[in-house]
Q: 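Pasting a structure here, questions to come.
Naming convention: chains lettered A, B, ... in sequence-line order (proteins, then strands); numbering from 1 in each chain. Quantities reported herein were computed from a predicted structural model and do not represent experimental measurements.
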There are 2 protein chains.
Amino acid sequence: MAKERILVVDDEDDILELITFNLSREGYKVFTADNGEKAIKIAKSEIPDMIILDLMLPGIDGLEVARVLKSRDNTKAIPIIMLSAKGDESDIVSGLELGADDYVTKPFSPKILIARIRAVLRRKSDEISDENTPLHVHAFIIDPQRREVMVDENPVELTYTEFEVLHFLAKRPGWVFTRSQIVDAAKGDNYAVTDRSVDVQIVGLRKKLGDSGKFIETVRGVGYRFRERS
Amino acid sequence: MAKERILVVDDEDDILELITFNLSREGYKVFTADNGEKAIKIAKSEIPDMIILDLMLPGIDGLEVARVLKSRDNTKAIPIIMLSAKGDESDIVSGLELGADDYVTKPFSPKILIARIRAVLRRKSDEISDENTPLHVHAFIIDPQRREVMVDENPVELTYTEFEVLHFLAKRPGWVFTRSQIVDAAKGDNYAVTDRSVDVQIVGLRKKLGDSGKFIETVRGVGYRFRERS
DNA sequence: CTTCTTTACAGGAATCTTTCCCGAAAGTCA
DNA sequence: TGACTTTCGGGAAAGATTCCTGTAAAGAAG
């Protein structure tokens, strides 16, 4: 297995060092940057396999860095994990909508961070999924061709929107999606509704899924996610 | 849907296990063989729906196995996907010339392999489903040659379009089709009509089919489907 | 002219959205 | 740490909307 190359962006030296130490120990090759400009420069020249990006940066802030990277063809595919202070939900939401892959709130434990990195890299590597093949996740079989969901061998009747939402979430277990991303996925972009309507769909889904409803997790202040581990 | 039966041939235990695990999870019934002789024996006795065949085998090698299977009447129709180390292009070419259906180079991701398997099986089943053989589903017998439908032994008179629609839906029980897919199937692509006209055909069909009309199901917000389970 | 197909439309059912209330979780201040 | 405040999501129910059914009639095809 080739060692993945990871760019870490943070303006605090201790954090940079902490992360670098832990990632190196795990066998990753680490690049660092302590401000947004350097981050963008290194990302463009090195094209790392992943970027750990602090949102709070002097000068160009993290969101802006993410925006720039996601708008360039050669860097847009690089997965980004955001670091943010606890409570900055709005930044997290913006980041996710820009296309960031996950986030970790400070203060964090290196273990958590590494687990997230692994999860994101793994997801990226098997993202070759065909829009129409049945999706097997946990006890679920979600079949877009039949528009039918089986949970533990039992068929579950879902409405159009419920199906779309479940399928969307289940395609990427572990990913957090904002309500507006969910609406976009289910109804197409620019479909104007209140965010809260997503909540109602989620409630309905959980009810119909019964015990397995617990696989749809609420991420307070951010959105929803399909559970990754059983 | 009957679970397809797949024979996996490889001499490395880990690979065998990896593939078996993933295929089982997808609902396939898996047989295994760790050398060419066993592979041929099992293929002859079980007549699986597909064979995943490593080309690099001790004793009788994969190409030879393929040659043997393709030369016997009762096994020649079994589709074969070859596994080969990267770079063995010449073997791959020989294999394809022998009649193998596809190949995957090692190392491979289970997702890729499964996608290929699906594609090959799909192709095969399309070939088999002869456009003209009578279709036997539930209490229906749909005979494209005579353009005649029997329900519970009783003939039902259908108009041209009604017949096309029913036949199209019944060919793939359980699959949902949009109105425009149905129109395309019945009248050829690019035939311009309102989606609503499909509804009317459906209504007519249900009426003529009487009690069995319930096998044509409405999938709200999507289209129609022929019921799979009775 | 007869038969089949398509369009039009009203009625009604299913689904989706909004709204509001409550309780739980997180933040704040002492 | 504990009580108070604020924020956010769950749940229920009313309202709005979308979608399907079935009939009627116009339009094509033979």
Q: Could you pull out every donor-acceptor pair under 3.5 Å between side chains of residues 151-159 of chain A and any protein atom, sequence neighbours left out?
A:
unit_1: Thr159(A); atom_1: OG1; unit_2: Glu162(A); atom_2: N; d: 3.4
unit_1: Thr159(A); atom_1: OG1; unit_2: Glu162(A); atom_2: OE1; d: 3.3

Q: Could you say whether Ser197(B) or Arg220(B) is positioned toward the 5' end of DNA chain C, judged by the nucleotide with the nearest heavy atom to each?
A: Ser197(B)

Q: Looking at five pairs on each end of the helix from dC1(C)-dG30(D) to dA30(C)-dT1(D), what is the angle between the two axes, given to 10 degrees?
A: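 Result, rounded to 10 degrees: 50°.
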
Q: Not counting sequence neighbours, which residues clear side-chain contact (heavy atoms from CB on, under 4.5 Å) with Phe21(A)? List them please.
A: Arg25(A)

Q: Which residues satisfy the side-chain hydrogen bond (donor to acceptor under 3.5 Å, both in side chains) test with Glu148(A), sequence neighbours excluded?
A: none

Q: Considering residues at least two apart in sequence or located in another chain, which fulfil the ring-ring contact (aromatic ring centres under 6.0 Å, His included) criterion with Phe215(A)?
A: His138(A), Phe140(A)

Q: Would you name the heavy atoms of Arg206(B) and Ile216(B) that are closest together and state the gap between them?
A: NH2-O, 3.1 Å

Q: Regarding Val193(A), tell me which of base, sugar-phosphate or nothing describes its non-hydrogen contacts under 4.0 Å with the strands shown.
A: sugar-phosphate

Q: Which heavy atom of Pro144(A) sits nearest a heavy atom of Pro134(A), and at what distance?
A: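 Nearest heavy atoms, Pro144(A) then Pro134(A): CD-CA, 4.0 Å.
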
Q: Name all residues meeting the side-chain hydrogen bond (donor to acceptor under 3.5 Å, both in side chains) criterion together with Arg220(A); count only those two or more places apart in sequence or in a different chain, and write none if there are none.
A: none

Q: Of all heavy-atom pairs between Leu57(A) and Asn35(A), which one has the smallest distance, and what is that distance?
A: CD1-C, 4.5 Å

Q: Check each residue of residues 206-216 of chain B for a non-hydrogen atom within less than 4.0 Å of any atom in DNA chain D, then write out the ones that pass by number, or none.
A: Arg206(B), Lys207(B)

Q: Using residues 40-47 of chain A as the side-chain source, report each donor-acceptor pair under 3.5 Å to any protein atom, sequence neighbours left out, with the distance given to one decimal.
A:
unit_1: Ser45(A); atom_1: OG; unit_2: Lys41(A); atom_2: O; d: 3.2
unit_1: Ser45(A); atom_1: OG; unit_2: Ile42(A); atom_2: O; d: 3.3
unit_1: Glu46(A); atom_1: OE1; unit_2: Arg5(A); atom_2: NH2; d: 2.9

Q: For DNA chain C, what residues of residues 183-191 of chain A have any heavy atom nearer than 4.0 Å?
A: Lys187(A), Tyr191(A)

Q: Can any side-chain N or O of Lys106(A) pair as donor or acceptor with the backbone N or O of Ser84(A) at less than 3.5 Å?
A: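 Checking the backbone N and O of Ser84(A) against the side chain of Lys106(A), no donor-acceptor pair under 3.5 Å is found.
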
Q: Check side-chain hydrogen bond (donor to acceptor under 3.5 Å, both in side chains) between Lys207(B) and all other residues, then give those that pass, not counting sequence neighbours.
A: none

Q: Walk along DNA chain D from 5' to 3' and tell me the first and last nucleotide with an atom closer than 4.0 Å to a non-hydrogen atom of chain B.
A: dT18(D) to dT23(D)

Q: Ignoring hydrogens, what is the shortest heavy-atom contact between Ile78(A) and Asp49(A)? Give both atom names and the distance.
A: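 What the structure gives for the nearest pair is CG2-C, 4.1 Å.
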
Q: First and last nucleotide of DNA chain C in contact with chain A, 5' to 3', at under 4.0 Å to a heavy atom: what are they?
A: dT15(C) to dA26(C)

Q: Work out which heavy atom in Ile92(A) is nearest to a heavy atom in Leu55(A); give both atom names and the distance.
A: N-CD1, 4.5 Å

Q: For the side chain of Arg123(A) and the backbone of Arg172(A), is there at least one donor-acceptor N/O pair under 3.5 Å apart?
A: no

Q: So which atom in Ala119(A) and which in Glu228(A) form the shortest heavy-atom distance, rounded to 0.1 Å?
A: CB-OE1, 3.9 Å

